[in-house]
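In the text below, chain A, chain B and the rest are named by the order of the sequence lines, each starting its count at 1. These numbers come from the heavy atoms of this one structure, side chains and all, not from hydrogens, waters or symmetry mates.
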Amino acid sequence: MQENLVIVESPAKAKTIENFLGKGYTVTSCMGHIRDLQKKDFGIDLEKKYQPKYVISPDKKKIVAELKKLAKGAQTVWLASDEDREGEAIAWHLKEVLKLDPERTKRIVFHEITKEAIQRAIENPRTIDENLVNAQQARRVLDRIVGFQVSPVLWKKVKPALSAGRVQSVAVRLIVEREREIINFKSETWYRVNGIFLAKDENGNPAELKAELSKRFPTKEEAYAFLEKCQSAEFTIANVTKKPAKRSPAQPFTTSTLQQEASRKLSFSVSQTMAVAQRLYEAGKITYMRTDSVNLSNLAINTAKQKITELHGEEYVKVRRYHTKSKGAQEAHEAIRPTYMENETVGGSAQEQRLYELIWKRTMASQMADAKLERTNVTISVSTAPEVFTATGEVIVFDGFLKVYMESTDDENGHGHGHGNGGQDIIPPLKANDVLSMSSVVATQRFSQRPPRFTEASLVKKLEELGIGRPSTYAPTITTIQNRNYVEKEDRPGVERKFDIITLKNGNISEATNTEITGAEKSKLFPTDIGMVVNDFLVENFEQIMDFNFTANVEKEFDDIAEGQKVWNEMIDKFYKPFHGQVEDVLKNSERSKGERILGTDPKTGKQVSVKIGRFGPVAQLGEASTEEDSEKPQFASLRTGQHLETITLEETLDLFKLPRDLGEYENKKVTVSIGRFGPYIRHDNKFVSLGKENDPFTVELDKAVELIEAKREKDRKAVIKVFDEEPELRVLNGRWGPYISFQKKNYKIPKKVNAEELTLEDCRKIIEEAPEPKGRRTRKKK
DNA sequence: CAGTGAGCGAGCTTCCGCTTGACTT
């Protein structure tokens, strides 16, 4: 009989701990929560004070059976789940489900995964903290109430299969509101003036001093006038100051900061980061990747110190202890760090290697000395004008942590567009009253930047700041709002923008107009039409849930429950009563929401032009539906990809009704052009030919269409490699991925070694016969 | 694949947080 059974949450942890405990202890894992509210019939008994109806999660049945067996054979069961709200609940569910005898059950928590810490935990067992468990039950019940009562309202009032929740709905709101800020953004313009002056460096060689005028000019005329003044001006150093400055390393990684940096530096999506981190964790190369702690173990700090000394010398070491600020953060957990600091690199896939390297550098830097800088500020006065030029230089005196790692920022506007920003590293030696000769003064038209769109990672950052969601849910939440089609991750090309440049050089002033690309986006989150409609509906009708502080407010109450100051189902009752009233009221009284926008009237027919969400997505409508008999039905046309309810104009909408267009006849059959799901196409003789990107369906002519039809026929001819007279249904075709066999509407792969040209009918039949049955069910949800 | 946009009604959808695989493309 096994004396002791220790149950932890994750199997990797179990393995480590078993090694520390040695004989007499079996360590196993329960893989997180083993029970949850039942999914059907709400899962909460509203008649019995919100009593939760728990069921064993289907994917945990096997684990529970195994745990039962092990617990039966153990003298003492040690519940060693995490020390937070969820962990406490896991311990309690285990106790309930495994029907553990209180006499032989002990609750322990580790503050660190070391032999000493575990030994200490074993020596200091406690009982399950019922208050903490109740705080978790309140959290769980509240989330179920919100999710399962608001979602059905959406099914009725907007569209079936939609969802709402405490976390996801607020995440969508952030993106929708940001998009509207961008739509309504009015760019301002001004003129920035940069001067290049001539000086001498330490060795007496010519050196440039780049400076920016402290004033921006709102108009071209004012900028021009200033340059005219500069023509005859004398430029004098008014002031030189030098100040020391320092920069400190960033904290070690948490889930959220890892996702951000992997996104910025490696272009990983948040779920990709988590999947790669999971593999590193399972291979024992990094510590646990779902954490909000910045704490490093003593062991980690010491080995980092050694490694830094070994690689860079002792002066680069600075031991720093980081503490997580957020309340209820788990000091038991550690920051994400390499398990063995001495390993600079690891094997594995390229992605694993890159993510590991990032984690290693960040951890190292966190224990390294500050970088010391010297900042120089120079002011240059202009004899003919009150404005001054300033130049700022920054020289690294001691690199410190910068030797290994520098955190990136999301600031996409930071480093201008190559028009000079007035800054430079090294400032030539100068002193006050030096007179400089001017090489050039350039006024450049600049524009204020619209707010940036969210990336997956910057959205996680924002959610974390708002206290919404947990390390284990950031990635799934981001995935959910994309799967529900509330949000899309997209690239968008920028647009060309013209800007003026006025240059003073060699005493002459010249003007020019340049162009630049602006507003290009890569992997940014855009709200969809349905996302916007759902968001507006929820903000209008469920303000409390959609409030950015809703989570923070209920968290305070959960804390009160955890401290025994509040009774959990009383707290839920206070929330539920008014909330449920609201749900009923909205169901009864609110209008169906279709996001309808009336754009104006069609000048030709005088009919109303509008857009809305239809059964099959966003649709434009010409004319109004009427209840009268024999009244004309309105015309409909789907919006094209890239067009949105919020931004489409009357003209763009009217264009949609110009299709399908009749181009005339070819071979006595009608040729028409239209736009379908896969873009613009030509229809002729019941065949379809894609128009491609280069041809506009609104202007394309018959000649071009015929050309495309012929090209398609030629391509189709080439597509057929072989036909057999005996079996007309069987053909060898050339597809996108090479040759394949088509038979009775099904396609079959040809083995790589086989030359498709030489296939006989017998060969083909054999391939079809031996083709593996398509396994498994098709996933119901399509993205 | 190249459309749809009327209405009825059955049966379904949905939350957040803990954890890993087991699946297919």
Participant: Do any side-chain nitrogens or oxygens of A:R683 fall under 4.0 Å of OP1 or OP2 in B:dC1?
Facilitator: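 Answer no for this pair, as no side-chain N or O of A:R683 is under 4.0 Å from OP1 or OP2.
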Participant: Contact class for A:S151 vs. all strands (heavy atom < 4.0 Å): base, sugar-phosphate, or nothing?
Facilitator: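 Base, at least one base heavy atom under 4.0 Å.
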Participant: Once rounded to the nearest 0.5 Å, what's the spacing between atom NZ of A:K60 and atom CD1 of A:I63?
Facilitator: 6.0 Å
Participant: What contact category does A:G165 fall into here, base, sugar-phosphate, or nothing, at under 4.0 angstrom with non-hydrogen atoms?
Facilitator: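 Answer is sugar-phosphate: A:G165 comes under 4.0 Å of backbone atoms only.
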Participant: Below 3.5 Å, does any donor atom in the side chain of A:R139 face an acceptor in the base of B:dC16, or the other way round?
Facilitator: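 Yes, a donor-acceptor pair under 3.5 Å.
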Participant: As a test of understanding, state which of A:R107, A:K95, A:R139 forms a salt bridge (charged side-chain N to carboxylate O under 4.0 Å, His left out) with A:E88.
Facilitator: A:R107
Participant: Closer than 4.0 Å, any side-chain N/O of A:R470 to the OP1 or OP2 of B:dC18?
Facilitator: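 It does, given that an N or O in the side chain of A:R470 lies less than 4.0 Å from OP1 or OP2 of B:dC18.
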Participant: Decide yes or no for A:L466 and A:T551: does some side-chain heavy atom of the first lie under 4.5 Å from some side-chain heavy atom of the second?
Facilitator: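 No; the side chains remain at least 4.5 Å from each other.
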Participant: With a 4.0 Å cut-off on heavy atoms, is A:V146 in touch with a base, just the backbone sugar-phosphate, or nothing at all?
Facilitator: nothing
Participant: Under 5.5 Å between ring centres and under 30° between planes: true for A:W155 and the base of B:dT13?
Facilitator: yes
Participant: Taking only side-chain nitrogens and oxygens of A:T473, does any of them come within less than 4.0 Å of OP1 or OP2 of B:dG17?
Facilitator: yes
Participant: Would you classify A:G617 as touching base, sugar-phosphate or nothing, given that sugar-phosphate means primed atoms plus P, OP1 and OP2, and contacts are heavy atoms under 4.0 Å?
Facilitator: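 Base contact.
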Participant: Between A:Y474 (OH) and B:dG17 (P), how many Å, whole number?
Facilitator: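 It is 9 Å, rounded to the nearest whole Å.
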Participant: Does NZ or CZ of A:R144 lie under 6.0 Å from the centre of the six-membered ring of A:F148, at an angle within 45° of the ring axis?
Facilitator: yes
Participant: So what does A:Q149 touch, heavy atoms closer than 4.0 Å: a base, only the sugar-phosphate, or nothing?
Facilitator: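 Nothing: the residue A:Q149, judged by heavy atoms under 4.0 Å, touches no strand.
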Participant: Using a heavy-atom cut-off of 4.0 Å across all strands, would you classify A:A164 as base, sugar-phosphate, or nothing?
Facilitator: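 Sugar-phosphate, no base atom in range.
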Participant: Tell me whether the side-chain N/O atoms of A:Q168 come closer than 4.0 Å to OP1 or OP2 in B:dC16.
Facilitator: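 For B:dC16, OP1 or OP2 has a side-chain N or O of A:Q168 closer than 4.0 Å.
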Participant: Using a cutoff of under 3.5 Å, can you pull out all pairs of nitrogen or oxygen atoms linking the protein to nucleotides 20-22 of chain B, with atom names and distances?
Facilitator:
unit_1 : atom_1 : unit_2 : atom_2 : d
B:dT20 : OP1    : A:S10  : OG     : 3.1
B:dT20 : OP2    : A:R290 : NH2    : 3.0

Participant: A:R166 side chain N/O closer than 4.0 Å to the phosphate oxygens (OP1, OP2) of B:dG17?
Facilitator: yes
Participant: NZ of A:K612 versus P of B:dG5: gap in Å, rounded?
Facilitator: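 Taking NZ of A:K612 and P of B:dG5, I get 12 Å after rounding.
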Participant: On the nucleotide B:dT14, are OP1 or OP2 found under 4.0 Å from the side-chain N or O atoms that A:Y486 carries?
Facilitator: no
Participant: Mind listing the side-chain donor-acceptor pairs of residues 50-59 of chain A below 3.5 Å, one per line with the distance, residues two or more places apart or on another chain?
Facilitator:
unit_1 : atom_1 : unit_2 : atom_2 : d
A:Y50  : OH     : A:D573 : OD1    : 2.6
A:Y54  : OH     : A:Q137 : OE1    : 2.5
A:S57  : OG     : A:I34  : O      : 3.4

Participant: Nearest 0.5 Å, please: how far is CG in A:N485 from CD1 in A:I530?
Facilitator: 8.0 Å
Participant: Got a sec, which residues hit side chain to side chain contact (heavy atoms under 4.5 Å, CB included) with A:V170, two or more places apart in sequence or on another chain?
Facilitator: A:I468, A:F548
Participant: Could you check how far CZ of A:F575 sits from P of B:dC15, rounded to whole Å?
Facilitator: 16 Å
Participant: Please report, rounded to the nearest Å, how far the C1' atom of B:dC15 is from the CD1 atom of A:I545.
Facilitator: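 For the pair A:I545 CD1 and B:dC15 C1', the rounded distance is 11 Å.
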Participant: Please convert DNA chain B into dot-bracket. A pair counts if it is Watson-Crick or G-U wobble with both distances under 3.5 Å; crossing pairs go in [ ] and bases paired with another strand get |.
Facilitator: .........................
Participant: Taking CG from A:D41 and P from B:dC15, how many angstroms apart are they, rounded to a whole number?
Facilitator: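 Computing the A:D41:CG to B:dC15:P distance gives 18 Å.
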Participant: For A:H93 and A:H33, take the angle between the two ring planes, folded into 0 to 90°, and tell me which bin it lands in: parallel under 30, tilted 30 to 60, perpendicular over 60.
Facilitator: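 Geometry flag for A:H33 against A:H93: perpendicular rings.
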Participant: What pairs of residues pass the salt bridge (charged side-chain N to carboxylate O under 4.0 Å, His left out) test when at least one of them lies in residues 27-44 of chain A, not counting sequence neighbours?
Facilitator: A:D36-A:R140
Participant: Taking only side-chain N and O atoms of A:R484, does any of them lie within less than 4.0 angstrom of OP1 or OP2 on B:dT14?
Facilitator: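 Affirmative; the distance criterion is met.
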Participant: Mind checking if A:G87 touches a base, just sugar-phosphate, or nothing, with heavy atoms under 4.0 Å?
Facilitator: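 Touches nothing.
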Participant: Output the rounded distance in Å from NE2 (A:H33) to C1' (B:dC16).
Facilitator: 9 Å
Participant: B:dC16 P sits how many Å from A:R85 CZ, rounded?
Facilitator: 14 Å
Participant: Would you call the rings of A:F550 and A:F575 parallel, tilted or perpendicular if under 30° counts as parallel and over 60° as perpendicular?
Facilitator: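 Aromatic pair A:F550/A:F575 classed tilted.
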Participant: What side-chain donor-acceptor pairs closer than 3.5 Å can you find for residues 151-160 of chain A, not counting sequence neighbours?
Facilitator:
unit_1 : atom_1 : unit_2 : atom_2 : d
A:S151 : OG     : A:G147 : O      : 2.7
A:S151 : OG     : A:A164 : N      : 3.0
A:W155 : NE1    : A:S151 : O      : 3.4
A:W155 : NE1    : A:L162 : O      : 2.8
A:K157 : NZ     : A:L587 : O      : 3.1
A:K157 : NZ     : A:S590 : O      : 2.8

Participant: Rounded to the nearest angstrom, tell me the gap between atom CG in A:N483 and atom P in B:dT13.
Facilitator: 16 Å
Participant: Starting from the 5' end of DNA chain B, give me the residue, A:S169 or A:S638, whose nearest nucleotide shows up first.
Facilitator: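 Counting from the 5' end, the first nearest nucleotide belongs to A:S638.
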